[in-house]
Amino acid sequence: MKQNFPNPDPRPASPLSSSELAEPILEQDDTERELLEIQRRRARLVGEEQESFSLWGRGRSEGIDPRGLRRHLPFASYLLALGIFAVLWPYTISDKHLVVAKLEEEVELLRKKSFFSAAERIRLERLSSIEEQVASLGLGLERSTRPPYLLSPQPERGE
């Protein structure tokens with residue numbers, strides 16, 4: 001008894017002769033082989049690039065690759081310097097702000113002192129000019145040792 005099995009070749013039967021099909025299949029096989037070879041080369045190159053940029057050796061059990069560290073040392077030191085700068089910058093700025101605030105307070109105190117001294121000088125000039133006028137008139141008045149009193153009219157008691 002003969003059993004019928006399905007055809008293992010998934011390609012449908014073609015009315016073309018086998019010699020006509022052989023050339024495109026061979027060309028297709030060649031292009032596929034070339035593509036596969038290009039992909040293998042790329043994979044090898046990418047693998048080499050990844051391995052060359054890796055700080056670790058082929059496995060972590062081997063330890064750190066010193067060539068990778070030497071290659072990345074300038075960049076790592078640059079990052080370290082930037083980190084130190086970023087940490088210290090706010091402290092230097094705050095110190096400068098404190099110095100500026102202290103100087104502004106000193107300027108304000110000097111302005112107040114100059115206003116008060118100018119007012120006192122004007123008051124003394126006015127008093128001295130009054131004393132000079134009194135002395136030139138010969139009235140014989142002297143400076144009072146007591147402060148002046150405010151004189152206000154008193155209401156009459158009889159009202």
(request) State the CD1-CD distance between I130 and E125, to the nearest 0.5 angstrom. (result) 12.0 Å
(request) Quickly, which of V100, V99, I93 forms a side chain to side chain contact (heavy atoms under 4.5 Å, CB included) with H97? Name it, please. (result) I93
(message) Do L88 and L80 land in one hydrophobic cluster if side-chain heavy atoms of ILVMFWY residues count as linked below 4.5 Å?
(response) yes
(request) Output the distance between atom CD1 (I38) and atom OG1 (T31), rounded to the nearest 0.5 Å. (result) 10.0 Å
(request) Rounded to the nearest 0.5 Å, what's the gap from CG on L79 to CD1 on I84? Could you check? (result) 11.5 Å
(message) Could you measure the distance from the OG atom of S128 to the CZ atom of R123? Nearest 0.5 Å is fine.
(response) 11.0 Å
(request) Examine V107 and L110 and state if one hydrophobic cluster contains both, with Ile, Leu, Val, Met, Phe, Trp and Tyr joined whenever side-chain heavy atoms are less than 4.5 Å apart. (result) no
(message) Within this structure, what is the OG-CG distance for the pair S117 and L124, rounded to the nearest 0.5 Å?
(response) 11.0 Å
(request) May I ask you to test the E34-E37 pair for a side-chain heavy-atom distance under 4.5 Å? (result) no
(message) Does anything in residues 90-107 form a salt bridge (Lys or Arg N to Asp or Glu O under 4.0 Å)? List the pairs, not counting sequence neighbours.
(response) none
